[in-house]
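Working notes, structure below.
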Amino acid sequence: MNQEYEPHVIERAAQSFWTDTKAFEVKEDPSREKYYCLSMFPYPSGKLHMGHVRNYTIGDVMSRYQRMLGKNVLQPMGFDAFGLPAENAAIANKTAPAKWTYSNIEYMKTQLSALGFGYDWTREVQTCRPDYYRWEQLLFTRLLKKGMVYRKDSVVNWDPIDQTVLANEQVVDGRGWRSGAMVERRSIPQWFLKITAYAQELLDGLDTLDGWPDSVKIMQRNWIGRSEGLEFSFAVEGSDEPLTVYTTRPDTIMGVTFASVALEHPFALAAARNNPELARFLKEASATSSCEADFETMEKRGMPLGIYVTHPISGERIPIWAANFVLMGYGTGAVMAVPGHDERDFEFARKYDLPIKQVITVEGETYDTQRWQDWYADKLHPEMKVVNSGEFDGLDFRRAFDEVVKRFEKTGIGARRVNFRLRDWGVSRQRYWGCPIPVIYCDKCEAVPVPEDQLPVVLPEDVAFSGVQSPIKADPEWRKTTCPSCGAPAERETDTFDTFFESSWYHTRYTSPGAEQLVDERANYWLPVDQYIGGIEHAILHLLYFRFFHKLMRDEGFVHSDEPATHLLTQGMVIKETYFTEAADGQKTWINPADVEIEFDAKGHPLSAKLASDGSPVQIGGIEKMSKSKNNGIDPQELIDQYGADTVRLFAMFASPPDASLEWNDAGVEGAARFLRRLWRGVHGHVSQGPVEKLDSAHLNPAQKSLRAALHDTIAKVADDYGRRKQYNTAIAAVMELMNTVAKFEDASAQDRALLQEVWEAVVLMLNPIVPHIGHALWQALSGQPNALDASFPVAEEAARIKDTITLVVQVNGKLRSRIELASEASKEDILAAALADEKVMKFVADQPIKKKIVVPGKLVNIVV
RNA sequence: GCCCGAAUGGCGGAAUAGGUAGACGCCAGGGACUUAAAAUCCCUUGAUCGAAAGAUCGUCCCGGUUCGAGUCCGGGUUCGGGCACCA
């Protein structure tokens, strides 16, 4: 054993050992308990960033820990390789997206290997390879035949200068990010998956996911947004076509003073045909971004259609308005407006001077149409009652709801209906670098799925990419084909799938590498995933699609489980300050923090920043998650080169608990390196003194007994942190504390050395999942065994943890005043007596009468005077 | 705007079911070793008052519950994530 800790030497040795012994290649083995640990795969953006290091270290720690418990552990890795950044890079670097992507994958794989992650690379998936995406094309065609897929018009952001569809991210302040042109909303036909058909199951399934964080389940529940309400029709004046609306507040039916429809609603479009002013308004008001945050914060605007409906109970004449805050995609795209009890309607009615009618009251509150108050909309207020509503007066929400629904059902103009906020998933993207949607368009047969024996529809990779048009759209040869049903000349779909499509089922493909099917029977040995780890930013979209796809695959007979993953750890984001320069036209260029020099004020807050290369000023942006688009990712490679993988892994785990967000800062890495050197020296010092005798744990002196108790307390704490709490910073701190204790332990006798052997072995094994390279080397030196991977994780010996005396805290009036040491089996009375006899306690109690005495066994005494 | 989180020393963080606030580490200061540097080791380090013993204050803000609140409840502030075409 070398005297010096040389991370690069031992890391290379450990990694070759793992490679040579194929240590992480696993096979299905029904006789052993399996553990499938999955980390969200990276987008190959170029380099790993700290968020990846943190995510993958957590996964690797969990995998290695479970392996030390004897389980058959699968930990795969791959690349989510389709996506927008490849197209941007292709334009910037005048290369093909495929080439850029593959070279990034190559580099990132070397980084992952350098960090020592135990992946079974024989199962790797790269989602841009036809042998991967052919199976999602197959699934899509089956879903199409089954009726789970449909096509409808849907809105996209259109850049009129670049003549291209923009992602929301590419729209900045309503303008195209490259052209600067005002973005238009355009409706084009797109493919949708009927996720709403699974809305109820996706909702109910959350209750079975005990291993998922509550926050994620609550967010998903709210996102799915189940509501119960009434769907009914207004008779339209001078027309046979009724206006259908959905409401969750039938109890306020008598407060309806107008109806609002979405800008794209057929009624609005029809009315605009002979009303140029309205047509202008519809066009102008819809020329905004299509994202919800903008939608919710924009000014509410509307215009009357000049069409009237009849109130179904009062018979009153009610105008229809087009309103920019009504969503075409939710409910029926039309709502009954109750300005008296809906905040948005209230605001709208005040702006356009529409009548506001109070139909709900709360005892003791005064209604005022000039000012909105929260109780106006509080249907669950215990004092809430319906008023000014004829036969419904005096009812509470529930009863009024039921009565109104009953009346409408009787007359046949309405019915109770469950509605979901969740919308069907639009999967079409007007982009090149994605999986081609396997559909053929024929004049006669319309949209026909590509037959299974003609799959995959391969995306050409060797293309020139300018960013204006997708190369497959531009290539008439690629598009040209024949119709599978009638044989006539036909054209291929040139849109590609949303990249969430690929990431929704990769967990399944990992289980069946090489299968000439989507998956084979191996999948049901490994699935469901036992532990899924990824960023909290995926709490809704990815994790919902992931669950949805699992159910689709189940219903196609590919998998047997209902949910894809039993346990989820949502890693907090690694965030970092952002820096940018702004051109005269407002275009921002994001600067990497590594290239910026910052000046701080006395309190350590940043004052100003400049470019390190030429000293030109740089603006300071917000502190945000590390991302390609904000260029604030920190490349871990420099740290790996300087300190080695173990130090980087140790620091990433020590810096904060896994689910907390972490503002990245390199300061502190030195401490992790120092700790590993200390560990190495400690073990070296011990081993270099030669072999040890057997420990006689029944006959220890007090110093030995105390060290051994500290050891077994630490083992219990660390095992709990790994297994139950999944909090590694405290596990590391506990081992550090133990090592501080060991440093003070004077070893003189042979039995001292025997005890130290036990301590060092346990320390090395406890740290092994986090720092496996040094673990590998030190375990060999200590035990003579070649492989720490399959060594058993230490088990705390309860007998060793029993102490003769304990220290109790004594409070007077809840304030800490003294400590007393007592035999650990002391009774409540003994404890109290000892506390009251304590000098300092007597001083604070003095001669005041004692009101209360509280004894918490093993913890404290509180004397209340 | 809506939904979900978070806030504790100079810094990262600990306090696990309401019971010792600041574990562990970083930074900083002082010292030892060394020709020197690196490395290593030891000590100090929440604030205020005090020579010390010690006392008082202190976990974003305001209020509440409790013998006892960083932790629970009500109201707010700020920051982060998501909002359906970034992944």
Side-chain angles (χ1 to χ4, degrees), chain A residues 4 40 42-43 45 80 82-85 156-157 165-171 213-216 218-223 225 290-298 325 329 343-344 422-426 428-431 498-500 503 535-542 544-545 570 572-573 575 603-604 622-625 627-629 651 654-657 659-665 667-672 674-675 677-678 681 717 720-721 724-725 727 729-730 732-737 740 743 807-811 813-816 819 851-854 856 859-865:
Chain A
E4 289 303 310
M40 290 182 187
Y43 176 77
S45 57
D80 189 15
F82 277 135
L84 200 54
V156 293
N157 302 309
V165 173
L166 298 178
N168 284 341
E169 193 193 47
Q170 299 171 308
V171 180
D214 287 335
S215 58
V216 172
I218 293 168
M219 279 192 266
Q220 292 215 349
R221 220 168 263 136
N222 292 339
W223 184 260
S290 64
C291 87
E292 194 192 320
D294 296 340
F295 199 81
E296 292 282 339
T297 48
M298 74 193 169
F325 60 88
E343 196 170 356
R344 278 195 304 200
L422 182 68
R423 307 202 292 264
D424 276 336
W425 175 15
S428 295
R429 296 293 178 268
Q430 297 68 43
R431 298 192 209 297
D498 176 3
T499 55
F500 274 128
S503 56
I536 182 66
E537 68 270 28
H538 295 292
I540 295 176
L541 291 180
H542 162 66
L544 196 63
Y545 296 145
T570 47
M573 255 144 323
I575 55 178
K603 282 188 173 165
I623 299 166
E624 297 180 56
K625 81 165 166 171
S627 73
K628 187 89 183 154
S629 58
F651 183 63
F654 186 57
S656 75
D659 54 355
S661 64
L662 170 64
E663 192 182 331
W664 187 261
N665 187 344
V669 178
E670 189 55 52
R674 197 175 296 154
F675 173 73
R677 282 195 297 265
R678 224 148 74 85
R681 257 200 330 273
K717 155 92 183 140
D720 188 45
D721 279 347
R724 180 181 63 91
R725 297 219 301 157
Q727 190 171 298
N729 55 334
T730 46
I732 295 164
V735 178
M736 286 175 167
E737 255 185 293
N740 291 340
T807 304
L808 286 173
V809 163
V810 187
Q811 299 177 331
N813 285 348
K815 278 189 183 165
L816 172 70
R819 281 162 221 272
K851 283 194 205 147
K852 211 167 186 179
K853 301 169 218 173
I854 293 148
V856 184
K859 282 250 157 97
L860 58 69
V861 181
N862 188 13
I863 315 279
V864 186
V865 296

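Values reported hereafter were calculated over all heavy atoms of this structure, with side chains retained and with hydrogens, waters and symmetry mates removed.
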Item to check | Flag side-chain contact, heavy atom, 4.5 Å: A:Asn813 against A:Val864 | outcome: yes
Checklist outcome for this item: Pairs under 3.5 Å (Watson-Crick or G-U), crossing ones as [ ], inter-strand ones as |: RNA chain B comes out as (((((((..(((......[....))).(((((.......))))).((((....))))..(((((..]....))))))))))))....
Item to check | N or O in side chain of A:Arg429 less than 4.0 angstrom from B:C85 OP1/OP2 | outcome: yes
Checklist entry - Does A:Arg677 make a side-chain N or O approach to OP1 or OP2 of B:U40 shorter than 4.0 Å? => result yes
Next on the checklist: Base of B:U16, side chain of A:Lys717 - is there a donor-acceptor contact under 3.5 Å?
Outcome noted: yes
Item to check | Test item: A:Leu544 and A:Leu422 side chains (from C-beta on) under 4.5 Å apart, heavy atoms | outcome: yes
Checklist entry - Can you find a side chain N or O atom of A:Gln220 that sits less than 4.0 Å from OP1 or OP2 on B:C83? => result no
Checklist entry - Within the structure shown, what part of the strands sits under 4.0 Å from A:Leu84 by heavy-atom distance: base, sugar-phosphate, or nothing? => result sugar-phosphate
Checklist entry - Does the side chain of A:Arg431 get closer than 4.0 angstrom to OP1 or OP2 of B:A87 through an N or O atom? => result no
Checklist entry - Rounded to the Å, how far apart are A:Leu816 CG and B:A69 C1'? => result 16 Å
Checklist entry - Contact class for A:Asp720 (heavy atom, under 4.0 Å): base, sugar-phosphate, or nothing? => result base
Checklist outcome for this item: Whole-Å distance, A:Phe675 CZ to B:U40 P, equals 14 Å
Checklist entry - Checking all strands, does A:Arg344 fall into the base, sugar-phosphate, or nothing category for heavy-atom contacts under 4.0 angstrom? => result nothing
Checklist entry - If you look at every strand shown and take non-hydrogen atoms under 4.0 Å, does A:Val165 touch a base, only sugar-phosphate, or nothing? => result base
Checklist outcome for this item: A:Asn222 CG to B:C83 P, in whole Å, measures 15 Å
Item to check | Minimum-distance pair of heavy atoms, taken over all atoms of A:Gly426 and A:Asp498 | outcome: O-OD2, 4.3 Å
Item to check | Where A:Thr499 and A:Phe82 come nearest, the two heavy atoms and their spacing | outcome: CG2-O, 3.3 Å
Item to check | Contact under 4.0 Å: A:Arg681 side-chain N or O vs B:A39 OP1/OP2 | outcome: no
Checklist entry - Rounded to whole angstroms, how far apart are CD on A:Gln811 and C1' on B:U66? => result 13 Å
Checklist entry - Can you say whether the rings of A:Tyr545 and A:Trp425 are parallel (under 30°), tilted (30 to 60°) or perpendicular (over 60°)? => result parallel
Item to check | Residue-phosphate contact under 4.0 Å: A:Lys859 side-chain N/O, B:G19 OP1/OP2 | outcome: no
Checklist entry - Under 4.0 angstrom, heavy atoms only, what part of the nucleic acid is A:Leu544 near: base, sugar-phosphate, or nothing? => result nothing
Next on the checklist: Within the 4.0 Å heavy-atom criterion, would you say A:Val216 contacts the bases, only the backbone, or no part of the nucleic acid?
Outcome noted: nothing
Checklist entry - If the C1' atom of B:G50 is compared with that of B:A15, how far apart are they to the nearest Å? => result 30 Å
Next on the checklist: Work out how far the C1' atom of B:U48 is from that of B:G30, and round it to whole angstrom.
Outcome noted: 23 Å
Checklist entry - When the P atoms of B:A47 and B:U59 are considered, how many whole Å apart are they? => result 15 Å
Checklist outcome for this item: Assign each of A:Val669 and A:Pro85 the nucleotide of RNA chain B bearing its closest heavy atom; nearer the 5' end lies the nucleotide of A:Val669
Checklist entry - Under 4.0 angstrom, heavy atoms only, what part of the nucleic acid is A:His542 near: base, sugar-phosphate, or nothing? => result nothing
Checklist outcome for this item: The residue, A:Val864 or A:Ser428, whose nearest nucleotide of RNA chain B is more 5′ is A:Val864
Checklist entry - Shortest non-hydrogen contact from A:Ala539 to A:Gln220? => result O-NE2, 3.0 Å
Checklist entry - How would you label the contact of A:Trp223 with the nucleic acid (heavy atoms, under 4.0 Å): base, sugar-phosphate, or nothing? => result base
Item to check | Nearest-Å distance for atom pair CG/P, residues A:Asn168 and B:A87 | outcome: 11 Å
Checklist outcome for this item: chi for B:G9 classified (syn = within 90 degrees of 0, anti otherwise) as syn
Item to check | Partners meeting salt bridge (Lys or Arg N to Asp or Glu O under 4.0 Å) with A:Asp659 (sequence neighbours left out) | outcome: none
Checklist entry - Looking for any heavy atom pair under 4.0 Å, which part of the strands does A:Thr730 touch: base, sugar-phosphate only, or nothing? => result sugar-phosphate
Next on the checklist: Between A:Asn862 and B:U66, is there a contact of a side-chain N or O with OP1 or OP2 at under 4.0 Å?
Outcome noted: no
Checklist entry - Are any of the side-chain heavy atoms of A:Gln430 and A:Val156 separated by less than 4.5 Å? => result yes
Checklist outcome for this item: On a heavy-atom basis, the closest approach of A:Tyr43 and A:Asp80 is CD1-O, 3.0 Å
Checklist entry - Is any side-chain heavy atom of A:Ile536 less than 4.5 Å from a side-chain heavy atom of A:Met573? => result yes
Checklist entry - Under 4.0 Å: is that the gap between some side-chain N or O of A:Asn729 and OP1 or OP2 of B:G12? => result no
Item to check | B:A28 versus B:A39 - spacing of their P atoms, nearest Å | outcome: 12 Å
Checklist entry - Under 4.0 Å between a side-chain N/O of A:Arg423 and OP1 or OP2 of B:C83, yes or no? => result no
Item to check | Atom-to-atom span, NZ of A:Lys815 to C1' of B:A69 - whole angstrom | outcome: 14 Å
Next on the checklist: Under 4.0 Å, heavy atoms only, any strand: does A:Pro657 hit a base, just the sugar-phosphate, or nothing?
Outcome noted: sugar-phosphate
Item to check | Interatomic distance, A:Leu541 CG vs B:A84 P [rounded to whole Å] | outcome: 8 Å
Next on the checklist: I need the CD-P distance between A:Glu343 and B:G1, as an integer number of Å.
Outcome noted: 10 Å
